[in-house]
Each structure stands twice: as C-alpha cells, then as structure tokens.
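Within every chain, numbering begins at 1; the chains are lettered A, B, ... in the order of the sequence lines, protein sequences first and strands thereafter.
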2 protein chains.
Amino acid sequence: MNLVLPHTGRRVPCEQCPLRALPAFRDFTPTELRFVSGFKTGEMTAEPGAVILSEGAHSAHLYTLLSGWAFRFKTLADGRRQILNYMLPGDLVGLQGSVIGEMEHSVEALSPLVLCVFQRDRLDELFGGHPGLGFDVTWLAAQEERMLDNHLLSLGRRTALERAAYLLSFLHQRARMVAPNAARIELPLTQQHVADTLGLSIVHTNKTLRKLSNLGLVRWLGGACEVLDLERLMVVADWEGLHDRKRPLI
Amino acid sequence: MNLVLPHTGRRVPCEQCPLRALPAFRDFTPTELRFVSGFKTGEMTAEPGAVILSEGAHSAHLYTLLSGWAFRFKTLADGRRQILNYMLPGDLVGLQGSVIGEMEHSVEALSPLVLCVFQRDRLDELFGGHPGLGFDVTWLAAQEERMLDNHLLSLGRRTALERAAYLLSFLHQRARMVAPNAARIELPLTQQHVADTLGLSIVHTNKTLRKLSNLGLVRWLGGACEVLDLERLMVVADWEGLHDRKRPLI
DNA sequence: CGGTGAGTTGATAACTATCAAATCTCGTGG
DNA sequence: CCACGAGATTTGATAGTTATCAACTCACCG
C-alpha cells in the first residue's frame, strides 16, 4: 500500500483553509495570505504507510500537512528505526531538505494525508518579499527544535513508563490543538510506532502501555490510542505541556 | 565559579573576525558584513561552569559563540539532567528564546567563552533588510534540528558503546571544522558530561569509554578527550559524519 | 478457512544502574 | 614542602530494567 498519488490540482483555496480558522493559528494579513496562496502549487494525497520523502532525496517540494498524521524517522544500517517526531495538520513537511538540500530523514504517512505542495525554489521569494513569513519559517523550525529537545530529555533521562506517559500526553495535546472541539481524540498509532519513538523493544513497550492502561490513564484500541486522563499522564511524565502561543500556518 | 562577566565594549570588528576567515564559513557580501557588524552590541566572556542562559528566562540578547565550548541542557524536577547539544565557535546561542520568547533550556560554559552580543529585538531588521541573512538563520536552525535528529537516533537505537563512539566522533568533527589546522584536538569534557549526553549513568559511561580506550580509538585526559582513530570510531557508531557545506556566520 | 498484523504473556538473557570503595590529580592553606 | 580536600576517574559486586525468544490470542480480510 506504499503509493503516493500524483499531484492533483488545487482544491482548497488558502483563504478558505479550514485549518486557518482554528484558534491555534495566527491571523495572516491579506498580503501574506495572497502570497501563500500563490506559493501553493497544488495538493497531494497519500495512504497510510506511504513514504512521502526519503532519506537521501533532493526533493523539489515542500509541503504543509492539511489533514492526517505523518512521522519522520531515521534508520541505522542494520534496520533499527527511530521515529524522530510526528507531523500533524499545519506542520511543514520537508523544511530541512528545502533549506539545506538533501533529506537526512524519511517521512511516512500514519493515516490518509492531504498535503499542500509548494515549490522549494520559491522559498527565496518568501524570504525576500515577506520578511514576516520568513520569520515564521524560522519560528516553526525553532518550535520543532523545542519538541526534539523534549524528546531527547525523554529518551535520555526518563524511565520507560515516564517516556510513554510523555509521548501520549504530548501527542494528545498536539491533536487537541488542531481538533479543539472533538469529543474524543484517537492517536492513530500502533505499539510498534510507540516502541520506535521511545527507543524500546516492542515487547517492553506493550508491557509499559499495559501499566498505563491498568492505571486508567489511557485506553488502547487496536491501531489507535485514547488518552483518558491527560493531567495524571503529565504528572507521571513530569512534563509541563505545550504552551498555547498562536502559530503561523504557511 | 559561576560568574558571567558583564558586557565589555566591542573588541573584534566583524570584518576582521578570525572565524570568518576559516574555510568552513561562507563569504559574506560587504553589505551583509556591514549589517552584522552593526547588529553586534559588544562582547561578553564567561568562565567554565557559568550559566549563560537559564530555562524560563526571557533574555534580551542573542549571542554568537566567538571562542570556547558550551552546552545546552534540560533537567527533570528530581535533578536528572540531559545535555541536548554542544555549541562551538560560530554557533548561535539563544536563538530559540529569541524567536519564540521564553527559554526552555539552559546554556552552560564548558570552557572559557567569548560571545558576541546582539539585541534580539533587532532580529526583525535582519529579516526585513537582509533576506539572505534571514534565510541563514533558518538554515542554522535546520542544521541544529539535524544534529538533534542524529542525537535522537543515538539515544533511541544505539548501544552504549555505539553512542559513545558517535558522540566523540561527532564532537571531533565539529571541533575540526573550526580548528582545521590544529595538530591535536582535545574535547573539553568530563565523563559526567558524556554520561548526561548519552543518557547513561556515570559508572557505565566510564566502563564504556574504557572499552573505546582499550580499542585504541580514544584517549582520556582528565577533563578532556582526544580522538585517536576517527574512522574506526565512525564505523563503530555506524555514522556517516557531517557534510562539509559552507555555513553562514552571523 | 488460512493468513496476516496487532497485541499479549511468561521465561530467560543481556544490558545498565546503583552502591561502595579506591585511586589519582591538582590547587590551597599551613 | 607537605597535608588536605574536592573533583574526576576507576573497579567490583549486586540490583533493577529492558531485550530477546517463544508462544498464544484476537480481529480482520480475501
């Protein structure tokens, strides 16, 4: 099922982007909005398991995730895989590659995706003509850096149980930001994904998640996870949570 | 010994910056150089152990490391510490805080430091008046993100021995870039720093480093480490090494 | 109905942490 | 000059955590 569908024409005009209406995103000026709209080449969809970008590639494209979940990962020569971070609606996909050149990680779809496509060689225009948007790109990069800092703290210094609690509360918060009114939030993950994120074996991950289940903090639903008690999960993880500053949507 | 000396007046004019002459850094146009020079407020020095920036602070400053080594870290409530990355000459210090607002990590000097000081509220001018420099800031952020990706892979999926090999070869390469002609390179680290970077206990770190020593790959010199065989170290780590693209120096 | 992927469990092995106690270096005060 | 203390490194013994192996259940699907 590893297919990436070819670009289809533009569908959602940026001015009516459903994401942009969410309180998590800052308002853009009409000028900014016009530029972003012109920056967008089209849309692309992908099915779960599809590899959007591969390590080593020099992609001509930069994307913004419009809907669905994806993740970034790296692998060692013998196949050990580490998931670096997750991508949710509103996240830029492929920025590292666009800015530096070659991709050093891969990106895979977790759920069905819709992506907005941009031409990476027009990034210059963005920085040149819209300094505010240029700053926004840096802001997003700094934000990603922060998440990675937290993940590093987790892998380096938290126990298996604390790590799991951190990851699930982190993902729940992120999901909540782009689905503020959802009655229930399901994280579209398998335990294998959790294991590859936490740096644990699949078996130990299962035993650890079971503990969280038994404590009543989460519930596992074949191929997805539901957070039942965010507060206590964050206490177990000793994690403050994400701040709720408005973010740019490019 | 936790003192941060107050800012002293400008000493090294950017046009004659010794770092800028190194092949690792890209040439700046006279215009760019003039702006950066005007962007610089002064210099600051710090002694080993001094905390330059603290978690939670809203610093008015942004720095570039002119000489010396520093590191970024986060701690859990009970004191467990995780070193996130190291900073060497040419690195921006405090960018995350400057772009987003509040610092979510601390920065500590590893050796005596000299820092160039910038006013963070003039970052707008940089993006507005010099898109190329704005892009450079993003480039540097993307570069940091890449290093963190590699560290995450290490903590998540490498064994203790592989992690140590990765860290020491990584630091040796970074040091080499800013000291291309040095006969010998010494990494100014204690084993405690290595432990806090690798997510290992100090005892196990010691035993692991001893193995690398016994293999003839590194040599430990109270408070510093010398890499003896970079090639084999990188083989042990299954690591490709850093690319040698020219980088901006702001 | 067989097959596949996901989740679960128990037994055992491997790795890493913790505890305790040395050694060593180096700067300081006597 | 030497004794002393602090920090860094080293080592062995033991405990705790996590990985690996093997087997099994369950839901789902062609």
Side-chain angles (χ1 to χ4, degrees), chain A residues 1-2 47-49 76 78-83 108-111 154-165 167-168 186-215 218-226 236, chain B residues 1-2 47-49 76 78-83 108-111 154-165 167-168 186-215 218-226 236:
Chain A
M1 224 14 126
N2 269 36
E47 290 306 308
L76 289 171
D78 64 5
R80 283 174 282 177
R81 178 175 82 164
Q82 178 63 40
I83 294 182
E108 185 176 318
L110 259 181
S111 66
S154 220
L155 287 197
R157 292 304 185 204
R158 278 194 250 250
T159 65
L161 192 74
E162 293 167 342
R163 274 185 236 187
L167 175 65
L168 297 177
E186 286 190 12
L187 315 178
L189 300 168
T190 66
Q191 297 192 351
Q192 184 67 64
H193 290 119
V194 174
D196 286 347
T197 309
L198 302 184
L200 299 171
S201 72
I202 175 70
V203 174
H204 195 64
T205 297
N206 175 272
K207 291 171 182 169
T208 302
L209 291 173
R210 187 122 282 282
K211 281 185 196 163
L212 288 180
S213 277
N214 292 340
L215 289 169
V218 305
R219 183 162 53 152
W220 208 263
L221 328 142
C225 173
E226 184 183 358
V236 171
Chain B
M1 229 5 133
N2 268 37
E47 291 305 307
L76 289 171
D78 64 5
R80 283 174 282 177
R81 178 175 83 163
Q82 178 63 40
I83 294 181
E108 185 177 319
L110 211 41
S111 66
S154 220
L155 288 196
R157 291 305 186 202
R158 278 193 250 251
T159 65
L161 192 74
E162 293 166 343
R163 275 185 235 186
L167 176 64
L168 297 177
E186 285 189 11
L187 315 179
L189 299 168
T190 66
Q191 297 191 353
Q192 183 67 64
H193 291 119
V194 174
D196 286 348
T197 310
L198 301 185
L200 299 171
S201 72
I202 175 69
V203 174
H204 194 63
T205 297
N206 175 271
K207 290 171 181 168
T208 303
L209 291 173
R210 188 122 283 282
K211 279 186 197 163
L212 288 180
S213 278
N214 292 340
L215 289 169
V218 305
R219 184 163 53 153
W220 208 263
L221 326 143
C225 173
E226 184 183 358
V236 171

To the nearest 0.5 Å, how far apart are CD in B:E108 and CD1 in B:I83?
-> 8.0 Å
Would you mind building the protein contact string for nucleotides 23-30 of chain D? One character per nucleotide, 5' to 3', B for base within reach (heavy atoms under 4.0 Å), S for sugar-phosphate only, - for untouched.
-> --------
Can you find a pair of side-chain heavy atoms, one from A:L187 and one from A:E226, that are under 4.5 Å apart?
-> no
Would you kindly give the CG-to-P distance between A:D196 and C:dA6, to the nearest whole Å?
-> 11 Å
CH2 of B:W220 versus C1' of C:dC24: gap in Å, rounded?
-> 16 Å
Nearest-Å distance, CG (B:L221) to P (D:dG7)?
-> 21 Å
Going by number, which of residues 199-214 of chain A have a non-hydrogen atom under 4.0 Å from DNA chain C?
-> A:V203, A:N206, A:K207, A:R210
Donor-acceptor pair between B:S201 and B:H204 side chains, under 3.5 angstrom = no
Grab the two heavy atoms, one from B:R158 and one from B:E162, that are nearest each other, plus how far apart they are.
-> CA-OE1, 3.3 Å
Return the 5'-most residue of the pair B:R158, A:G223 with respect to DNA chain C, ranking by each residue's nearest nucleotide.
-> A:G223
Side chain proximity check, B:C225 to B:L168, heavy atoms < 4.5 angstrom = yes
A:Q192 side chain near C:dG7 phosphate (N/O to OP1/OP2, under 4.0 Å) | no
A:L189 atom CG is separated from C:dG7 atom P, nearest whole Å, by 9 Å
Round to the nearest Å and state the distance from B:L198 atom CG to C:dC15 atom C1'.
-> 15 Å
Are the side chains of A:L155 and A:Q82 in touch, meaning some heavy atoms are under 4.5 Å apart?
-> yes
Could you tell me whether a side-chain N or O of B:R157 sits under 3.5 Å from a main-chain N or O of A:R80, the two making a donor and an acceptor?
-> no
Taking five pairs at each terminus, the helix from C:dC1-D:dG30 to C:dG30-D:dC1 shows an axis bend, to 10°, of 30°
Which of these, A:T205, A:L110, A:L198, sits in a side chain to side chain contact (heavy atoms under 4.5 Å, CB included) with A:H193?
-> A:L110
What is the distance, rounded to the nearest whole Å, between atom NE2 of A:H193 and atom P of C:dG5?
-> 13 Å
Can you find a side chain N or O atom of A:Q191 that sits less than 4.0 Å from OP1 or OP2 on C:dG5?
-> no
State, with a plain yes or no, whether a side-chain heavy atom of A:Q191 is found less than 4.5 Å away from one of A:W220.
-> yes
From CG of B:D78 across to C1' of C:dT18 the rounded distance in Å is 15 Å
Contact summary for B:L212 and B:A165, nearest pair of heavy atoms | CD1-N, 3.9 Å
B:R163 vs B:L200 side-chain heavy atoms within contact, under 4.5 Å = yes
